[in-house]
Every structure is written in structure tokens, then in C-alpha cells.
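Below: one structure, written as C-alpha cells.
Bear in mind that the values here come from a model prediction, so they are computed numbers and not experimental data. Along the sequence shown, residues are numbered consecutively beginning with 1. Counting starts at 1 for both ligands and their atoms, in listed order.
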Amino acid sequence: MSTRRIVLSRSAAIVGAAATGWLLPATAGAQSAKLRVGLMLPYTGTYAQLGVAVENGVRMAIDQQGGKLGGREIEWFKVDDESEPSKAVENASKLVQRDKVQVLIGTVHSGVQMGIQKVARETGVLSLIPNAGAHAATRALCAPNVFRTSFTNAQITLALGPAMVARGHKKAVWITWKYAAGEEAFEGFKQSYPAAGGSIIKELGLPFPNVEFQALLTEIAALQPDAVACFFAGGGAAKFIRDYAAAGLKDKIALYGSGFLTEGVLDAAGPAADGIITTMHYSDSLDTPRNKQFRMEYAKAFRSQPDVYAMQGYDTGLLLVHGANAVQGDMEAKPALYRALESAVIDSPRGRWTMSRAHNPVQDIYLRRVENMENKVIGVAAKAQADSGAGCRMG
Ligand code: PHB
């Protein structure tokens with residue numbers, strides 16, 4: 001072997017070592033360590049399947065980019081938050097303080113989100129919200145390190161009122177679980193429905209995650225409204241749809257909802273769901289190449305149909321990949337990281353969306369109708385809908 005050849009192969013070896021991180025200076029060396037990602041989601045209880053769908057979506061987006069973030073491999077940490085607000089601060093702290101995650105992805109339940117928000121504000125950890133619509137997270141308690149890829153609870157129901165009145169349903173009963181998500185969904189409905197000419201004749205509720213609907217359905221039958229509007233989700237939503245039909249209300253009083261009512265539950269609800277009209281920032285039937293490709297790949301990877309939660313998880317993964325790539329995996333480069341996340345344009349299965357100044361999606365809201373166990377798009381209820389972000393001051 002000639003001398004020249006030896007020199008060349010040595011330098012090639014050095015390039016190889018640099019690429020794997022052995023010879024890099026201390027700070028860059030830290031970036032070649034695995035990036036620590038925490039998932040705090042419900043894996044038990046009425047929202048269990050929502051948590052699984054979010055995680056599937058996150059992993060799928062990252063796998064499609066070679067399974068790395070900004071060139072770094074990933075170490076995952078997981079906590080089942082049980083949709084239990086009283087354990088939220090402790091669970092989030094475990095991930096941030098004990099496991100030292102650099103990104104915390106979570107969660108589904110608005111009450112639990114408020115615990116995560118507290119920990120995110122105190123520690124500065126990057127917090128990506130893949131579902132929970134709690135208003136404060138992107139309003140009064142917004143923070144530079146918190147980004148939401150889903151919605152605010154009122155963002156969905158602000159589009160619902162006019163759609164109901166346009167169908168001639170002007171006298172409605174509202175029903176929900178009595179916790180932040182249901183109450184904030186009602187806020188949007190209370191604003192949009194009367195403004196369009198409808199009147200809310202009664203507001204009904206039960207504690208989360210109670211599913212004893214019978215007495216309330218009897219009350220609805222006696223009130224004889226034109227329509228019922230609601231917020232329910234997950235396992236409880238499937239039961240509400242079935243109980244509504246079993247009580248003989250399905251063909252008498254039109255059922256509307258924030259679109260979560262019919263997400264991921266259509267198999268469980270069966271024909272009882274046919275005809276329900278909802279508003280939502282996604283629909284299975286969106287006829288775009290992007291959505292079709294997403295649905296095909298998700299079904300292949302997980303042997304189940306994706307829903308809004310899977311899509312939001314997927315977008316969370318896309319956003320994280322975008323941010324991490326922009327700083328080449330250096331998650332401590334916070335100003336550059338936040339700038340990248342703030343200016344991201346996410347090419348989502350729901351359609352392209354951008355971040356509002358308060359870090360919540362600006363997005364189209366679709367009108368959908370359940371037909372043959374599918375959420376079919378029947379119109380656009382609101383174009384480029386933004387949440388008010390009221391009270392948000394980025395510190
Ligand atoms: C929430 O608690 O914010 C929440 C939960 C489930 C949904 C939507 C919102 O489907």
C-alpha cells in the first residue's frame with residue numbers, strides 16, 4: 001500500500017469519527033448524544049385510544065425522516081397520565097427532572113395540560129401539545145417554549161353555531177362533560193349560535209368521565225329542542241351516540257357536536273352515528289393526495305384507520321422534525337429553535353397550517369356528516385380560523 005493511500009484512508013477514518021461524534025468538541029459532542037423525548041399521554045381510561053393514536057402519529061412522522069431529529073437518535077420516555085389532573089404536575093416533573101427530556105409531547109386532557117403548562121413555564125422545557133384544547137395554554141398562560149399542533153376548545157365550536165342555524169335548527173340543548181374542555185367548547189358555541197340566530201334553551205352536564213347519560217336523555221326528550229349540540233370524546237362519545245339512538249332521539253332531534261364526538265369511535269358506535277353533523281379541523285374523507293398518502297401509510301403501519309388524534313400526533317412529529325433540523329439537533333439553541341417552530345408551515349393531512357402568534361394553529365374548520373361509518377366533508381365551516389389568543393404576552 002502506498003504512503004499516499006495510507007494518508008487518504010486515515011483522513012477518511014477521521015471524517016468517519018467526526019460524523020459519529022467521537023472527535024467533536026464538547027458542545028457538539030453533546031448533540032451527538034441521543035435526544036431525549038418524553039411522551040405524556042393517556043394510555044388507560046376513556047381517552048386511552050386517543051393517546052395511542054397520538055403516539056403512533058408522532059412516531060410515523062419521525063420514522064419517515066429516518067427516525068432521527070436533527071441528525072440525532074432518539075431516546076423515548078413514556079408516562080401514562082391517566083387523564084388525571086391531580087397527578088399531572090408530578091408526572092410531567094418526572095419526565096423533565098428525572099428523565100431530563102428535552103422535549104415533552106403531551107397531552108390529550110385539558111385539565112392534565114394545565115399541570116404540564118405549569119412545569120413547562122417553570123423549567124422552560126420545549127412543550128408540544130398534540131391535542132388538549134385548554135384555552136390558557138395559548139392565551140393568558142402562553143409561553144415561548146409551548147407550541148400547540150391541535151386547536152383551542154372554542155376554535156371548533158365557533159364554527160358550529162352558524163352551521164346549525166343554516167339547517168333550520170334554531171332551538172338547541174347543549175350537553176357535555178363538566179370539565180375545562182366541555183366548558184370551553186360551550187364558550188365557542190354560546191358565542192356562535194345565538195349570534196347566528198339560534199337560542200340555547202338548556203345547558204346539561206355530567207362529571208368527566210361519567211357515562212350515565214339516561215336521566216339527561218330523558219330530560220332532552222321532554223325539552224323537545226330542534227337539535228342537541230355536545231362535546232364528548234373517546235370511549236364516552238361512542239356510548240353517548242349509542243345511548244342517544246337507543247333512547248329513540250336519533251330520528252327526532254338532530255345531533256351535532258364538536259367533531260371529536262365522531263372521531264375514532266365510528267366502528268364502536270355503528271349505524272347509531274349515521275347523520276351526525278360536526279365541525280372539525282380534519283376529516284377522513286379530505287380528498288387530497290397528502291391526506292390519502294397519510295391514511296394509506298398509517299393503515300399499513302398500524303393496521304387501523306387514522307383519526308384526528310393520529311393526524312395531530314403526526315403533525316407534532318413534523319413540527320419537531322422541522323425545529324430540530326433547523327438547529328441541527330442543538331435543542332439548547334432556543335431562540336433559533338423557537339423562530340423555526342413559529343414560522344413553520346406544516347404540510348398536514350388536514351391541509352397546510354401555520355402558527356398564530358400565541359402558538360396555536362391557524363386552520364380551516366370543516367363541516368362533516370357521518371355517512372356509512374365515515375366522516376364525510378360537506379363543506380368548509382370556517383376558513384383560516386385563528387383563536388383569539390386573548391391575554392397572551394410572550395415573556
Ligand atoms: C381536552 O380535554 O382538551 C380534549 C379531550 C379530548 C378531545 C378534545 C379535547 O377529543
TODO: Return yes if a side-chain donor-acceptor contact under 3.5 Å exists between Y282 and N375, otherwise no.
DONE: no
Task: Aromatic ring proximity, centroids under 6.0 angstrom, Y256 and Y193 - done: no
Open item on the list: So if I count the atoms of ligand 1 from 1 in the order they appear, which ones are less than 4.0 Å from some heavy atom of H109?
Closed with: 2 (O)
- [ ] Heavy-atom contacts with Y179 under 4.0 Å: which atoms of ligand 1 show up? List them by number with element.
- [x] 1 (C), 2 (O), 4 (C), 5 (C)
- [ ] Considering the heavy atoms of N131, write down every atom of ligand 1 situated less than 4.0 Å from one of them.
- [x] 4 (C), 5 (C), 6 (C), 7 (C), 8 (C), 9 (C)
TODO: Output the distance between atom CE (M311) and atom CE (M280), rounded to the nearest 0.5 Å.
DONE: 8.0 Å
- [ ] Return yes or no for this condition: an N or O of S110 is under 3.5 Å from an N or O of ligand 1.
- [x] yes
Open item on the list: Can you report which non-hydrogen protein atom sits closest to atom 10 (O) of ligand 1, along with the distance?
Closed with: Y309 OH, 2.7 Å
Open item on the list: Can you confirm if the aromatic rings of Y47 and F208 lie within a centre distance of less than 6.0 Å?
Closed with: yes
TODO: Please could you name the atoms of ligand 1 that A233 approaches to less than 4.0 Å, counting only its heavy atoms?
DONE: 6 (C), 7 (C), 10 (O)
Open item on the list: Looking only at protein heavy atoms, which one is nearest to atom 4 (C) of ligand 1, and what is the separation?
Closed with: V108 O, 3.3 Å
Task: Distance filter under 4.0 Å to F151 heavy atoms, resulting ligand 1 atoms - done: 8 (C), 9 (C)
Open item on the list: I'd like to know whether the aromatic ring centres of F260 and F151 sit less than 6.0 Å apart in this structure.
Closed with: yes
- [ ] Answer yes if the side chains of N56 and Y298 hold a donor-acceptor pair under 3.5 Å, and no otherwise.
- [x] yes
TODO: Return yes or no for this condition: an N or O of A134 is under 3.5 Å from an N or O of ligand 1.
DONE: no
- [ ] Identify the two heavy atoms, one from Y338 and one from G124, that lie closest to each other, and give their separation to 0.1 Å.
- [x] OH-O, 3.9 Å
